[in-house]
Amino acid sequence: MTTRRILASAAAVLAAAAALAACSKPAPKPVAPTTITFSIVSTEQAQSQMKEWGPFLADMEKATGLTVKPAFGSNYTAMIEAMRFKQTDLGWFTNQSGLEAVRRSGGEVFARTTKPNGQDGYQSVIIVRKASGLTLDKVMRCDKTLSFGLGDVKSTSGTLAPMTYLFAPRNLRPENCFKTVKSANHEANLFAVGSGMLDAATNNTASMARMAALNTDLGRKTLGSLKVIWTSPTIPEDPMIWRKDLDPATKAKIASFIFSYGVGTSPEALRQRAILNRIETGPFKHADDSHLLPVREMEATELLIEAKNKADPAVIAKAQASLDQVHAEQKALAK
């Protein structure tokens, strides 16, 4: 072998060794963010939500040292996609939209809300005007004479619960029952029924309680004109979700703030609880993805009922397997 070939071979070996050494170096750690975006899947208008959430977000900034940007949206899918594309870092989700955020957006449940009055859970309802004379039987005649309002397609109380507990067991679909079916947030549906633009609509007890707490003239008048004709079984409180890949140090700052906020009997804790009351929650509790088991059970139950109504053995078997999996996880947790 010539000297030139020996030198070329040695250079190649050295280059390969250098490349191997570079590959073996640990990847640089991600830089901890100084700004986080907190999303709220809102069932009311963004303007009023900022008024209610502003003090809480300001306290989060002060406690964590992070700049906290709010992101409000009544479109559940948009908020799910925002987390998926890392445009948001954490936020308050409904149960079904939270399930989608976990499934598709790299989300992870880390906390859940509570009720200020100590009750655990809320109910989906169907509302009508008192003066309409409508009853549940009349609404469920399915004669295409009435207009009906559902929530967002990813809303637990606005869509999933009434489909699971009311429509699916009767083998009914809203689009086949009503003259028109509109989808909107809870506040819009409440005022639409109150003004006569809709004959009936879904809502939930938590949203109606928030409207009552605001105590506006229009809110009082509207609530006074309505009656509830159907109530669902209890739905778990809403989850708080952050991106699973969020910087650990940032997660620790957020968790320290969330789980100490409004806790205790000091004047500061009482001030914080007053702020939490404005967003209709008490102090937050620890949670994980198992919090979503009840909504997964609702989802699987609806699919199973629909499959049985269609008498499709393959679809029935698949839906039953999904429901059995949820029940197995629930049983394991109970142990």
Side-chain angles (χ1 to χ4, degrees), residues 42-45 74-76 94-97 119 121-212 218-236 294-295 297-310 319:
S42 173
T43 56
E44 283 85 34
Q45 298 301 320
S74 59
N75 184 313
Y76 292 76
T94 64
N95 283 292
Q96 192 179 21
S97 64
Q119 292 179 351
Y122 64 103
Q123 291 79 38
S124 169
V125 297
I126 291 178
I127 54 174
V128 299
R129 279 172 292 125
K130 292 175 181 176
S132 69
L134 288 173
T135 62
L136 183 61
D137 287 339
K138 290 179 180 178
V139 169
M140 299 303 289
R141 279 177 184 167
C142 205
D143 58 7
K144 293 208 168 192
T145 61
L146 301 174
S147 56
F148 192 81
L150 284 169
D152 185 283
V153 68
K154 299 298 182 186
S155 169
T156 309
S157 59
T159 300
L160 180 60
M163 291 302 303
T164 301
Y165 298 123
L166 183 62
F167 289 98
R170 293 168 169 80
N171 195 22
L172 297 175
R173 302 290 302 182
E175 60 268 27
N176 298 327
C177 286
F178 303 109
K179 179 174 58 178
T180 57
V181 178
K182 297 186 180 296
S183 179
N185 63 45
H186 290 314
E187 183 180 20
N189 277 340
L190 186 140
F191 286 123
V193 174
S195 65
M197 293 175 64
L198 288 173
D199 293 303
T202 60
N203 215 282
N204 72 44
T205 52
S207 181
M208 294 177 76
R210 277 194 291 272
M211 183 60 63
L218 180 59
R220 284 197 305 274
K221 182 179 178 181
T222 302
L223 287 171
S225 70
L226 302 175
K227 68 175 180 178
V228 172
I229 60 170
W230 174 81
T231 303
S232 77
T234 298
I235 299 168
V295 74
E297 182 180 29
M298 279 192 276
E299 181 184 66
T301 300
E302 180 192 359
L303 291 174
L304 181 59
I305 291 169
E306 290 183 348
K308 287 180 176 178
N309 288 336
K310 293 175 181 176

If every non-hydrogen atom of Thr94 is compared with every non-hydrogen atom of Lys154, which pair is closest and at what distance?
-> OG1-O, 3.7 Å
Answer yes or no: is there a side-chain heavy-atom contact under 4.5 Å between Met197 and Ser147?
-> no
Report yes if the side chains of Ile235 and Gln123 come closer than 4.5 Å at any heavy-atom pair, otherwise no.
-> no
Could you list the residues that satisfy side-chain contact (heavy atoms from CB on, under 4.5 Å) with Val228, not counting sequence neighbours?
-> Val125, Ile127, Met208, Thr231
Sequence-distant partners of Thr202, side chain to side chain donor-acceptor pair (under 3.5 Å), two or more places apart | none
Selection residues 128-141 - residue pairs positive for side chain to side chain donor-acceptor pair (under 3.5 Å), sequence neighbours left out | none
Correct closest heavy-atom pair for Ala168 and Ile305 would be O-CG2, 2.9 Å
Contact check, side chains of Lys227 and Val128, non-hydrogen atoms, under 4.5 Å | yes
With a 4.5 Å limit on heavy-atom distance, are the side chains of Ser207 and Leu190 in contact?
-> no
Heavy atoms only: give me the nearest Tyr122-Pro236 pair and the separation to one decimal.
-> CE2-O, 3.1 Å
Could you pull out all residues at least two apart from Thr301 that satisfy side chain to side chain donor-acceptor pair (under 3.5 Å)?
-> none
Under the side chain to side chain donor-acceptor pair (under 3.5 Å) test, which residues partner Asn309, sequence neighbours left out?
-> Asn171
Where the side chain of Asn203 meets the backbone of Asn189, is there a donor-acceptor pair that is under 3.5 Å apart?
-> no
Heavy-atom closest pair, residues Val181 and Pro174 = CG2-O, 3.5 Å
Mind checking ring pair (Phe, Tyr, Trp, His ring centres under 6.0 Å) for Phe148 and listing every partner two or more places apart, or none if nothing turns up?
-> Phe167, Phe178
Could you tell me which residues satisfy side chain to side chain donor-acceptor pair (under 3.5 Å) with Glu302, sequence neighbours excluded, listed by chain and number?
-> none
Mind checking salt bridge (Lys or Arg N to Asp or Glu O under 4.0 Å) for Glu297 and listing every partner two or more places apart, or none if nothing turns up?
-> none
Going by the disulfide (SG to SG under 2.5 Å) test, which pairs reach into residues 133-199, not counting sequence neighbours?
-> Cys142-Cys177
Hey, is the main chain of Gly219 close enough, under 3.5 Å, to the side chain of Thr222 for a donor-acceptor pair?
-> no
Can you pull the side chain to side chain donor-acceptor pair (under 3.5 Å) pairs that have at least one residue in residues 156-166, sequence neighbours excluded?
-> Ser157-His186, Ser157-Asn204
